[in-house]
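Take a look at the structure below.
Both backbone and side-chain heavy atoms feed into the values below; hydrogens, waters and symmetry mates do not. First the proteins, then the strands, lettered A, B, ... as listed; each starts at 1.
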2 protein chains.
Amino acid sequence: MTATIYDVAKRAGVGIGTVSRALNESTQIKPDTKARVLRAIHDLKYQPHALAQGLARKKTHMIAIIVPVFTGYFYLELLKGIQKEAAKNNYDLLLYSVDEGDRTEAFLKRTLSESRVDGVLLVSLKMSDKYAEQFQQSRFPIVLVDSLHSDLDSLTVENREGAYLATSHLISLGHKKIGMVDAQLKSAPAQVRLDGYKKALVDHGLPFNDAYLVITHDLTEKDGFNREAGYESMQQLIAMGEDRPTAVFIASDIQAAGAIQAIHESRLRIPEDVSIVGFDDIEMAEYLSLSTMHQPLFEMGQTAIQRLIDRMNDSELPVIRQRFHTKLVIRKSCGSQVPGMNL
Amino acid sequence: MTATIYDVAKRAGVGIGTVSRALNESTQIKPDTKARVLRAIHDLKYQPHALAQGLARKKTHMIAIIVPVFTGYFYLELLKGIQKEAAKNNYDLLLYSVDEGDRTEAFLKRTLSESRVDGVLLVSLKMSDKYAEQFQQSRFPIVLVDSLHSDLDSLTVENREGAYLATSHLISLGHKKIGMVDAQLKSAPAQVRLDGYKKALVDHGLPFNDAYLVITHDLTEKDGFNREAGYESMQQLIAMGEDRPTAVFIASDIQAAGAIQAIHESRLRIPEDVSIVGFDDIEMAEYLSLSTMHQPLFEMGQTAIQRLIDRMNDSELPVIRQRFHTKLVIRKSCGSQVPGMNL
DNA sequence: CCTGTTTATGGAAGCCCTTCCACATAAAGA
DNA sequence: TCTTTATGTGGAAGGGCTTCCATAAACAGG
């Protein structure tokens, strides 16, 4: 069927070693021999067998990427960056998408011992100490994206800073009663965004009001970063009546989408009655005219691959933690609280 | 480092063949021998080397999926279905995303000869006759999704039917002047959707008016399924003034998003001044209150994998072409043309 | 022209499996 | 008890590549 290196060798009248050298840019080959081999390769439409090559080289040129079952643009943008950079460096992407909680570990385990890939990108998923140690000890290249572990390379967004900026923006518009809708605190980003929110209040001399903080108590396995959670949380705030906050910082755009729906259903207006700021800047945010914190996802994806490649080339690199800054994107979902100052 | 089958054999005091049998559910092994081997495997944390296995078995248990650089929910939903079904059947997904035009062929070529994967899913990309023939001759399993070639398995959406239904819906609401915004006709779906639109007009005794058909003349390499194209196309229709259509069928939701923007900017109202129906039912459609044709993408993804697996098991299967039906999802973007009958 | 280098080349060994064949052992039949 | 058959088992061969080592060819220098 398909030609092997032996066929090429025979046709070119050389040994298999020479064929290999012709293919692998070795300097140890005479130019005209190389030309002859390349000609034979061309004639036979020969293409090296990826698996055999991988087996011999102990390199597969594949990168596994483990993501939570993709819900939304968040992962799309990231994937684009990852994909582009991987392609540029001739790496193929093996995509694992995890739905149930502990499948992550199963994937990590396989990854670690099957030698199917040269490295792993773990996205938005928690890295257990146990596996972190295994990866570290085995020097198996891994980079965490939007996730954190002190022993491993990680790229995260400045969630605290982002939340701080978002909240500060609302404060700067004159709001005094500023609420927050958050996801479950077992999620690190949710935790940290809450911190940023609190800090912004404190720094500007505003009290932190427990009643203004609504955290999804999603009974399912989810983390609360979804529309339904945002919808319900906002309903809860609205139910406070006149005491309700005049502005709300919402931990993710997708929750904000649900929140907006809840607000509209209550016949309240945005931003006249309630101002909101989201987080993520997913594509939909633009359609919702939602002010939000933009994350440089594409760039993070690219950087993640670069870092992974660096680490594959040198496993002794010191562990880094790279933080990416968010940027406030102002749209129409927040206005000044002072009457008459509205847009 | 990691244990090989030889280590396991030695530890269990058996031959390597026996270890292999213990792993591969062979009946040719005594239960207690098997137990002993499995014990050794457990002790050594042995895991077969995927590449070596692939090389020996001539099977990689990987499927390549080639998609246009993912823009939007269209691919997300499809990917979810693909991913889920692949995981269920223990196949790994190798993701290739194509941006520039002819990279597709490069991927197909590699796929065909590198033996890296057991099968290919080609999504929304044109299959050239040349490669179609190569795939067919080599009996290399491939399934086309949202793409078509007579010699290969393909799953498509009933684009004509969908366009027909969308247009008919507008007609049933009383509209007489119905326009269409389409993408470039070099794209098969665009072509076929236009046919459906025309047929609906004709079947209902309405004339086809050339001026009401706007086809993006995108100068870039794109096919016109994007927001900017929709925006400009709609501006063109609006520029007709009072002669403009009262309803427009738009070939994709993403174009519809652009069109809606254009409509709003012209101070026209939806659906009072212009009714629109889109195509795809991407997540955003709900937020835009856009009536549109829903495609069963998740299901298509699943089916695609199933079909691919079937074909991998039996390359002699007759070529099939499976069509999926679309469904009209009514939201608020279309109203009756007759004054007073509006919502 | 010969010796010492340098450069080029062939092909065995190794990567880690599966599979097949030969052989051993146990069970069954006579 | 001795065949015959069924059942288990070991390990060579093979899958297609890279790499290394030994050897051959080319090139200098004297």
Do [X] and [Y] touch side chain to side chain, with heavy atoms closer than 4.5 Å?
X      : Y      : result
A/I63  : A/D118 : no
B/R307 : B/M312 : no
A/V98  : A/V67  : no
A/I309 : A/N313 : yes
B/V8   : B/T4   : no
B/T303 : B/L155 : yes

Residues forming a salt bridge (charged side-chain N to carboxylate O under 4.0 Å, His left out) with [X], sequence neighbours excluded:
X     : value
A/D92 : B/R110, B/R116
B/R57 : none
B/D43 : B/R11, B/R39

Atom-to-atom span, [atom1] of [X] to [atom2] of [N] - whole angstrom:
X      : N      : atom1 : atom2 : result
A/I29  : D/dA26 : CD1   : P     : 15 Å
B/R116 : D/dC17 : CZ    : P     : 13 Å
A/K10  : D/dG16 : NZ    : C1'   : 15 Å
B/K58  : D/dC17 : NZ    : P     : 11 Å
B/D32  : D/dG8  : CG    : P     : 10 Å

Among all residues two or more places apart in sequence or in another chain, which pass the side chain to side chain donor-acceptor pair (under 3.5 Å) test with A/Q47?
B/S113
Does [X] reach a base, just sugar-phosphate, or nothing at all? Heavy atoms under 4.0 Å.
X     : result
A/L55 : base
A/Q28 : base
B/I5  : base

Taking only residues two or more places apart in sequence, or in another chain, which ones meet B/Y96 in a ring pair (Phe, Tyr, Trp, His ring centres under 6.0 Å)?
B/F107
If the condition is ring pair (Phe, Tyr, Trp, His ring centres under 6.0 Å), which residues does A/Y91 pass it with, not counting sequence neighbours?
A/H61
Nucleotide range of DNA chain C contacted by chain B, 5' to 3', under 4.0 Å to a heavy atom?
C/dC16 to C/dC20
Given 3.5 Å as the limit, does a donor-acceptor pair link the side chain of B/R36 with the main chain of B/A12, or not?
yes
Expected output is a numbered-order residue list: members of residues 13-27 of chain B with a heavy atom under 4.0 Å from any atom of DNA chain D. What is it?
B/G13, B/V14, B/G15, B/I16, B/G17, B/T18, B/R21, B/T27
Below 4.0 angstrom, which residues in residues 38-50 of chain B have at least one non-hydrogen atom near DNA chain D?
none
Let me confirm one number: the CD-OG distance from B/Q83 to A/S97, rounded to the nearest 0.5 Å.
4.0 Å
Find every protein N or O atom lying less than 3.5 Å from an N or O atom of nucleotides 22-25 of chain D, and list the pairs.
none

Rounding to 10°, can you tell me the angle the first-five-pair axis of the helix from C/dC1-D/dG30 to C/dA30-D/dT1 makes with its last-five-pair axis?
40°
Between B/R311 and B/D153, does any NZ, NE, NH1 or NH2 come within less than 4.0 Å of an OD or OE carboxylate oxygen?
yes
Per-pair distances, 0.1 Å, donor-acceptor, side chain in residues 123-143 of chain A, under 3.5 Å, sequence neighbours excluded:
unit_1, atom_1, unit_2, atom_2, d
A/S124, OG, A/Y75, OH, 3.2
A/S124, OG, A/D146, OD2, 2.6
A/S128, OG, A/E105, OE2, 3.1
A/S128, OG, A/Y131, N, 3.3
A/D129, OD1, A/H149, NE2, 2.7
A/E133, OE2, A/Q137, NE2, 3.2
A/S138, OG, A/Q134, O, 2.8
A/S138, OG, A/F135, O, 3.3
A/R139, NE, A/E316, OE2, 3.0
A/R139, NH1, A/Q136, O, 3.2

